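Here's the structure we're looking at; comments come further down.
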Amino acid sequence: MEPFDPKTLADLKFRAKKQLRMRMRGLRTAHPEAVLAQASERVLQRVLELSAFRAASGVGLFWPLLERRELDLRPLAETALSAGQRVFFPYLSPKGDGFETGFRAIRSVGELADRGQRFFEPEPGAPRAERGEIEFLVVPALAASSDGHRLGYGSGFYDATLPDFCPPAKAAIVIFDFQLLGELPVTDNDRACDFVVTDRRLLEI
């Protein structure tokens, strides 16, 4: 059998990811909200126990898309701020024909708001994180594999942004355990993370 040419292989991976996104969205929606809330609490505790999180002077977090039943780790922000850690959240700003991506600092969760990109972002004038200022990143996903790769929503935000901070930052994918798969289709732009944290296990890659 002749090997696929690169263009055909890339197309197959693109379609496989699209199908997986549909399946994983449906699987998450099928779970009762109360079950997901309990699982979120267990993931929260696992992240809090990670020495890499506790030792970080700066942490990158995300505000959940609750309407999509995304894993809810909102208490991490208050905990980190109370511990004296700098806390950063993602932002997406129009720039030319595209967007500028990155993380901005917050002093309180009250500064976060929907600024037209569907997720809660810091104020536009908030300090922008530079490489080295974030030492630990918490990353959402629709699915993850045991080798540290993730399946996102397809916008490419974290594929574009993670290389700006990792290394030296360590990145942890946080998912419900039913979102952990044996493997995922991987492309050249996909970056493996350092940890996968679920409500049932912790994988250090």
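Given the structure is predicted, the values throughout are model-derived calculations rather than measurements.
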key: Residue pair D72 / S40, side-chain donor-acceptor N/O under 3.5 Å   = no
inquiry  = Would a single hydrophobic cluster contain both F195 and Y158, if residues Ile, Leu, Val, Met, Phe, Trp and Tyr are joined by side-chain heavy-atom contacts under 4.5 Å?
reply    = yes
remark   = So CD of E204 and CG of D194: to nearest 0.5 Å the spacing works out to 8.0 Å
ask   = Within 45 degrees of the axis of the six-membered ring of Y153 and under 6.0 Å from its centre: does R68 put its NZ or CZ there?
value = yes
message = Using side chain to side chain contact (heavy atoms under 4.5 Å, CB included), reason through R69 and E33 one step at a time and then give a plain yes or no.
response = CA-CA 7 Å; R69 297 198 178 181; E33 289 186 16; 3.6 Å; yes
ask   = Do E111 and P122 come close enough that some side-chain heavy atom pair is under 4.5 Å?
value = no
query = Between F165 and F103, what is the ring plane arrangement, given parallel below 30°, perpendicular above 60°, and tilted in between?
reply = perpendicular
message = When you compare the side chain of R115 with that of P124, does any pair of heavy atoms fall below 4.5 Å?
response = yes
ask   = What residue among L112, L61, L66 forms side-chain contact (heavy atoms from CB on, under 4.5 Å) with R74?
value = L66
Between E100 and S93: side-chain donor-acceptor atoms closer than 3.5 Å = no
ask   = With a 4.5 Å limit on heavy-atom distance, are the side chains of R150 and V139 in contact?
value = yes
key: Carboxylate-amine/guanidinium proximity below 4.0 Å for E133 and R128   = no
query = Going by distance alone, is a donor N or O of one side chain under 3.5 Å from an acceptor N or O of the other, for Q45 and E49?
reply = no
inquiry  = Less than 3.5 Å apart, any donor N or O on the side chain of E123 or Y91 sitting next to an acceptor on the other?
reply    = no
inquiry  = Using the rule that Ile, Leu, Val, Met, Phe, Trp and Tyr join whenever any side-chain heavy atoms are under 4.5 Å apart, tell me whether V197 and I175 fall into a single cluster.
reply    = no
query = Rounded to the nearest 0.5 Å, how far does NE2 of H149 lie from CG of L184?
reply = 8.5 Å
task = Would you mind reporting whether L36 and R28 have side-chain heavy atoms less than 4.5 Å apart?
result = yes
ask   = Looking at CG of D199 and CZ of R42, how far apart are the two atoms once the value is rounded to the nearest 0.5 Å?
value = 5.0 Å
inquiry  = I want to check something: taking the side chain as every heavy atom from C-beta on, are L73 and L71 in contact at a cut-off of under 4.5 Å?
reply    = yes
ask   = Is the shortest heavy-atom distance from the side chain of L20 to the side chain of L181 under 4.5 Å?
value = yes
ask   = Any idea how F53 and F136 line up, ring-wise: parallel (<30°), tilted (30 to 60°), or perpendicular (>60°)?
value = perpendicular
message = One pair to check against side chain to side chain contact (heavy atoms under 4.5 Å, CB included): E121 and R104. What are the steps and the verdict?
response = CA-CA 8 Å; E121 300 177 76; R104 293 190 184 278; over 6 Å; no
message = Check R191 with D159, please: is the shortest side-chain N to carboxylate O separation under 4.0 Å?
response = no
task = Give a yes or no on whether I134 and L48 share a hydrophobic cluster (residues Ile, Leu, Val, Met, Phe, Trp, Tyr; joining criterion: side-chain heavy atoms under 4.5 Å apart).
result = yes
remark   = Given the options L44, V174, V59, V87, L76 meets side-chain contact (heavy atoms from CB on, under 4.5 Å) only with L44
key: Closest non-hydrogen atom pair, P127 against R86   = CB-NH2, 4.3 Å
ask   = What pair of heavy atoms forms the shortest contact from S146 to I205, and how long is it?
value = O-CD1, 3.4 Å
remark   = For L142 and G152 the tightest heavy-atom approach is CD1-O, 3.6 Å
inquiry  = Do F119 and L65 have side chains that approach each other closer than 4.5 Å (heavy atoms only, starting at C-beta)?
reply    = yes
query = Is there a path of hydrophobic side-chain contacts, each under 4.5 Å between heavy atoms of I, L, V, M, F, W or Y residues, that connects V109 with F88?
reply = yes
key: E183 CD: over 12 foreign heavy atoms closer than 6.0 Å   = no
remark   = The reported gap from CG in L151 to OG in S145 (rounded to nearest 0.5 angstrom) is 9.5 Å
query = L180 and L203: side chain to side chain contact (heavy atoms under 4.5 Å, CB included), yes or no, with the steps?
reply = CA-CA 11 Å; L180 181 62; L203 304 178; 4.1 Å; yes
message = For R107, is the CZ atom crowded, meaning more than 12 foreign heavy atoms sit under 6.0 Å from it?
response = no
query = Out of curiosity, R46 CZ to E41 CD, how far, rounded to the nearest 0.5 Å?
reply = 12.0 Å
query = Any side-chain heavy atom of K170 within less than 4.5 Å of one from L137?
reply = no
ask   = Going only through I, L, V, M, F, W and Y residues with side-chain contacts under 4.5 Å, is there a path from L202 to F178?
value = yes
key: Heavy-atom closest pair, residues F157 and G102   = CZ-O, 3.7 Å
ask   = About how many Å separate OG1 of T198 and CZ of F176, when rounded to the nearest 0.5 Å?
value = 10.5 Å
Shortest non-hydrogen contact between S108 and L81, atoms and distance = CA-CD1, 4.0 Å
